[in-house]
Structure formats: C-alpha cells, structure tokens
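Single-structure report; data block below.
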There are 2 protein chains.
Amino acid sequence: MKTRDKILLSSLELFNERGERNVTTNHIAAHLAISPGNLYYHFRNKSDIIYEIFLEYEKLVDFYLDIPEDRAMTLDDMTFYLESVFDGLWSYRFFHRDLEYLLDSDQRLRQDYRDFTNRCLASISRIFEKLAEAGIIEPQEEDLRSAMSLNVWLVITNWMAFLKTAHAAEESACLTLTELKQGIYQVLTLEIPYLTPAYRERVMALREKYRPALHDREDPGAAACK
Amino acid sequence: MKTRDKILLSSLELFNERGERNVTTNHIAAHLAISPGNLYYHFRNKSDIIYEIFLEYEKLVDFYLDIPEDRAMTLDDMTFYLESVFDGLWSYRFFHRDLEYLLDSDQRLRQDYRDFTNRCLASISRIFEKLAEAGIIEPQEEDLRSAMSLNVWLVITNWMAFLKTAHAAEESACLTLTELKQGIYQVLTLEIPYLTPAYRERVMALREKYRPALHDREDPGAAACK
DNA sequence: GACTCACTAGAGTATATACTCTAATAATAC
DNA sequence: GTATTATTAGAGTATATACTCTAGTGAGTC
C-alpha cells in the first residue's frame, strides 16, 4: 500500500480512537513508523489529511443515499439506508465530534460540508416521499416533510455524541457498532405516528430489533464492555 | 466585581465567541488585563474554569426545568420551557460544541454531565406526561415517551451545531438568538402528531411563530447579518 | 554509468500553551 | 501599628505542535 494511503488510513484510525484534537501529525507519523518529513511530503498540512478523509466519507454516504427512481421503495430499502448511514457514521466517527472546529479551520471543508448536508437532507426528504408513495407512511406536505427530515438528520448525526456522553463513566472504547445502531430505534421512533395501518406492525417489529437493552437505560454504568 | 468572577465571565464570553479550543488561559488573562499568574491564583487550571462554568449552566437549566407539581401544565408553561432552554443553550453555547473533549479531560465533569443529562431527560418526559394530563397531547406509554424525550433532547442540544454548519459559508458571528430559537420550530414539529384536536390549532400557530424565514432555507448564503 | 524523480529520514525551528515561581502590594484582623 | 492573609504582576519554564530543511536512497530510463 502506498504511503499516502497508509497515512490516510492511520489518521482515520487514530482520529476515531482518540479524537482529532488529541492526534498530532507527529503521532500519525510515529504510528506508521515514518518520519514527520515524510508525512509532510505527502500532505501539505493536517487539514489536508482531514479534508481527504472527508471526501472519502462524503463519497461513501453519497453512494449509500443514492435513491433508485425506477422502482418503488420497500421496507428493506429503508432498513438498508438506516444501517448504511450508521455504518458510515461509525467508520468516520471522529468527524462529527470535532465538526465545528474542523469547519472553522478549513474553508473548502466548510463549503463542501454545507453542500453535503443539504444533499443528505434532500435524500432523507426524498426517502420520506417514496415511503409515502409505497404506502408505508402517510403522505405529508413538503413543509412538514422537510422539518421532519431535519429532525432525522439531527438525531442521526448526534446519536453517537449522545452515546459517548451517556456512557461517560466508562471507557470510550466501550462504544460498539451495535450500540450505535440503537440510533435506528430513535429514528424509527420519529416515524411511528406517520406509519400506515398496513405497515405499522411490521415497522414496529423492525424497531423492536434495535431497542436498547434495558440495563443500558436504567444503569448505564453497569453495562459490560465488549 | 471580584477577579474570580471576572475570570469566569470573560472565559465564558471568549469560549462562546471563539470556541474553547481557540481560547488559552493567556488569552483570558490578556482580555482581562491581568497576569497569567493572577488567573492561576484563582483557578488551578483551565479545566477548573470550565467546570465552574458548567456548574452555573447546570444550575440555570435545573432552575428552568423545575416542574411545578401542584398544578396542571399550560401551553404557556411549555413555551416558557422551550424559550428558557434555548436561552440557556445560547448563553453557554461553547459547552455543547466541545463537549466530548471536555468530558474526556475532566472526570468530575463527565460524571456530572451524565447526571445532568439524565435529569433533563426525566424533566422532558415529565413535561410530556403533564402535557398529556392537561389534554394538550395524547397520553403515551412510558416507553414511547422516553424515546420521544431523547429525540427532543438530541434536537435541542444539537440545533446550534447544525445552524453553525449550515451557515458555514458566512461569519459565525451571524448566529443570532432568533435563529437559534428556530430550534423551537423543530421541537414542536416532533409534537405535531401527538397533539389533541382541542389544542392542535393553538400549538400549530405557536410553532408558526418560530418558523425559519424562507430565505434561510433556500439560500442561506444570502441571509443578512445582524 | 549518469540521470531523474518519487519517496524518505531525521534533525531542527518558531511559536504556542498550560502552568509555576518569586516578589510585591493591598486588605483585614488584632 | 503590626501581623496575617488575600491578591496581583510579570518573568520564566517545560513541553508540545505544526511544519521545514537538508540530505539523502532506490528504482527505473536512456
């Protein structure tokens, strides 16, 4: 593997693990057993590394959220979207953590992220539209649909931050992909009132699969670590 | 005013304005025209300053979210809770921005914030319960109510971060309290499906007051700065 | 074998950051 | 007044951080 790619991979790994703020270019170089000079041969600065990682993330999510327009949407599609988005969120979880600082220090990223958000919101809204077309949820006016999409976005993008703070008593390493996906339970909660009678039971059953284990709620401190 | 209090006040101001990460203890001292030594006479370290600010924030929100148990809840109460919580969020807005890092570097804060979150979630859930008792929303099972409360919490605590990133093309100084309160529109969106017929119109009218101006959605870049 | 060029090592630098130390001054207690 | 305590200034320090500079190495080309 090329050094440049190794730098990106290691950076992502370290960022996710320790948070971007706690990872210096020297750490990255040391982790790869290369010299800082070598790192700076491949990237002008730390921001450039982060920007490239963002581009990967963006590409991944854009790929996941590509809505096929030639056929109706199914419940499986919806599940796939939710699962995929949370997968992506997990793989690039450092990103939303330090988002504001990152955007403050990189113009390009700021603009690109803004466009990215708008694309995601449009996709979520389109998904709602197609779910209505498929008779899974009741159709809603555009106004409400876009406000709902925004709420979905807020829940999705901040679910992990919530988990981290709720689990704050333990090691951060305790966070697992499974727990992260309990966010799906929260997203489906938003949909409940809009479900059609025909699909209500099926979606509720789906939601049940992601329900957080009881002890997570009543005594988060006692949760066992993986 | 005592130096100690001035330090807390200036710190909060600078943190809110530039983000905790971009504000050093030397900046704070310089801003107050006192020496760094003076600052460190009053506080052992930066974390201590942040912790004290958190205690103020916590006190404020706890005060706001004190639910009177001796009478029924009104729509005005609900409005008050929403307005107050967003006021608090605005006054201590640096806090949620760098939350994860802050919790990572301060044990006390981690534990206290966790308890704080749980208290807030309980309060939100209690508000829903009392809104149902007052006939404003339909009563819900506890399960659903707590999932809804969590969604409300996610929307509230992350509304500002969203605004910041959505407005990312402009100066961050553009963010106003008014815009922040459009978060109330989003929270009320969550309630819509649960409103009783008796109150539906009134709540929808209330929600309308917080609706974001059209241009904010369609062309955020063109929004005029205060 | 000379040359190029992508790549790498590693020492080095300017600056910043959190924090300390000493000495002095103002406020208060007795 | 004197002693004590609270407060402040300001120079200083150890460390970290992002990044630079110079001097290469090794693989391929002609």
Side-chain angles (χ1 to χ4, degrees), chain A residues 1-54 94-95 97-110, chain B residues 1-54 94-95 97-110:
Chain A
M1 185 187 278
K2 294 209 161 187
T3 303
R4 188 188 156 82
D5 293 326
K6 280 199 264 182
I7 292 172
L8 288 175
L9 220 65
S10 269
S11 300
L12 176 58
E13 186 188 330
L14 291 175
F15 288 160
N16 277 340
E17 209 170 281
R18 307 184 202 165
E20 178 270 339
R21 188 170 178 176
N22 299 316
V23 176
T24 72
T25 48
N26 290 344
H27 288 144
I28 299 166
H31 185 252
L32 281 168
I34 65 171
S35 66
N38 192 352
L39 185 145
Y40 278 93
Y41 169 79
H42 288 92
F43 294 93
R44 252 184 35 249
N45 51 43
K46 196 179 170 186
S47 273
D48 272 8
I49 298 177
I50 293 164
Y51 184 65
E52 294 258 339
I53 294 178
F54 164 72
F94 87 93
F95 190 70
R97 170 175 173 162
D98 290 301
L99 188 57
E100 281 197 54
Y101 176 81
L102 298 178
L103 299 191
D104 267 359
S105 24
D106 190 337
Q107 267 290 336
R108 289 169 308 176
L109 190 59
R110 201 185 298 192
Chain B
M1 185 187 278
K2 293 209 161 184
T3 304
R4 189 187 154 83
D5 294 326
K6 279 199 267 182
I7 292 171
L8 287 174
L9 220 67
S10 268
S11 299
L12 176 59
E13 185 188 330
L14 291 175
F15 287 160
N16 278 339
E17 209 169 281
R18 304 183 205 166
E20 178 271 338
R21 188 171 179 174
N22 299 316
V23 176
T24 71
T25 48
N26 290 344
H27 287 144
I28 298 166
H31 185 253
L32 281 169
I34 65 171
S35 66
N38 193 352
L39 186 145
Y40 277 92
Y41 169 77
H42 288 93
F43 294 93
R44 252 184 36 248
N45 52 42
K46 197 180 171 187
S47 272
D48 272 8
I49 298 177
I50 292 164
Y51 184 65
E52 294 257 337
I53 294 178
F54 164 72
F94 86 93
F95 190 71
R97 170 175 173 164
D98 290 301
L99 189 57
E100 279 197 57
Y101 176 81
L102 297 179
L103 299 191
D104 266 359
S105 25
D106 189 336
Q107 269 290 338
R108 289 170 307 175
L109 191 60
R110 200 185 298 192

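The chains referred to below are lettered A, B, ... by the order of the sequence lines, with proteins before strands, and numbering in each begins at 1.
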Separation between [atom1] of [X] and [atom2] of [Y], rounded to the nearest 0.5 Å:
X        : Y       : atom1 : atom2 : result
A:Leu99  : B:Arg97 : CG    : CZ    : 9.5 Å
B:Gln107 : B:Ser47 : CD    : OG    : 11.5 Å
A:Arg18  : A:Thr24 : CZ    : OG1   : 9.0 Å

Of B:Leu32, B:Asn38, B:Leu39, which is the lone residue that meets side-chain contact (heavy atoms from CB on, under 4.5 Å) with B:Ser35?
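That would be B:Asn38; it is the only one of B:Leu32, B:Asn38, B:Leu39 passing the side-chain contact (heavy atoms from CB on, under 4.5 Å) with B:Ser35.
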Consider side-chain contact (heavy atoms from CB on, under 4.5 Å). Of A:Leu9, A:Asn16, A:Leu14, which one does A:Leu12 pass it with?
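In the set A:Leu9, A:Asn16, A:Leu14, the residue that makes a side-chain contact (heavy atoms from CB on, under 4.5 Å) with A:Leu12 is A:Asn16.
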Student check: side-chain heavy atoms of A:Phe95 and A:Ile53 closer than 4.5 Å:
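In short, these two side chains do not touch, never coming nearer than 4.5 Å.
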Side-chain heavy atoms of B:Ile34 within contact of B:Ile7, under 4.5 Å
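The answer is yes, as the side chains (C-beta and beyond) meet within the 4.5 Å cut-off.
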If we fit an axis to the first five pairs and another to the last five of the helix from C:dG1-D:dC30 to C:dC30-D:dG1, what angle do they make, to the nearest 10°?
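For the helix from C:dG1-D:dC30 to C:dC30-D:dG1, the axes at opposite ends meet at about 0°.
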For residues 24-50 of chain B, pull every pair meeting ring pair (Phe, Tyr, Trp, His ring centres under 6.0 Å), keeping only residues two or more places apart or in separate chains.
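Residue pairs with at least one partner in residues 24-50 of chain B: there are none.
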Among residues at least two apart in sequence or on other chains, which ones pass side-chain hydrogen bond (donor to acceptor under 3.5 Å, both in side chains) with B:Asp106?
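B:Arg108.
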Could you work out, with ring-ring contact (aromatic ring centres under 6.0 Å, His included) as the rule, every residue matching B:Phe94, not counting sequence neighbours?
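If we apply the ring-ring contact (aromatic ring centres under 6.0 Å, His included) test to B:Phe94, skipping adjacent residues, the hits are B:Phe15.
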Listed by chain and number, what are the ring-ring contact (aromatic ring centres under 6.0 Å, His included) partners of A:Tyr101, not counting sequence neighbours?
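If we apply the ring-ring contact (aromatic ring centres under 6.0 Å, His included) test to A:Tyr101, skipping adjacent residues, there are no hits.
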Could you tell me the boundaries of the chain A footprint on DNA chain D, defined by atoms under 4.0 Å from its heavy atoms?
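Contact span on the strand: D:dT17 to D:dC21.
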Looking at DNA chain D, which of residues 34-46 of chain A put a heavy atom within less than 4.0 Å of it?
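Nucleic-acid contacts, sorted: A:Pro36, A:Gly37, A:Tyr40, A:Asn45, A:Lys46.
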Mind listing the closest non-hydrogen atom pair of A:Ser11 and A:Ile49 along with its distance?
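Answer, listing the atom of A:Ser11 first, then A:Ile49: OG-CG2, 3.5 Å.
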Residue-level proximity of residues 22-32 of chain B to DNA chain C when a heavy atom falls under 4.0 Å
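Contacts with DNA chain C under 4.0 Å: B:Thr24, B:Thr25, B:Asn26.
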What residues in residues 8-16 of chain A put a non-hydrogen atom under 4.0 Å from any atom of DNA chain C?
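Heavy-atom cutoff 4.0 Å gives no residues at all.
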Enumerate the salt bridge (Lys or Arg N to Asp or Glu O under 4.0 Å) contacts for [range], please, sequence neighbours excluded, ordered by first and then second residue.
range                     : result
residues 26-44 of chain A : A:Arg44-A:Asp48
residues 19-36 of chain A : A:Glu20-A:Lys46, A:Glu20-B:Arg21, A:Arg21-B:Glu20
residues 4-14 of chain A  : A:Arg4-A:Glu52

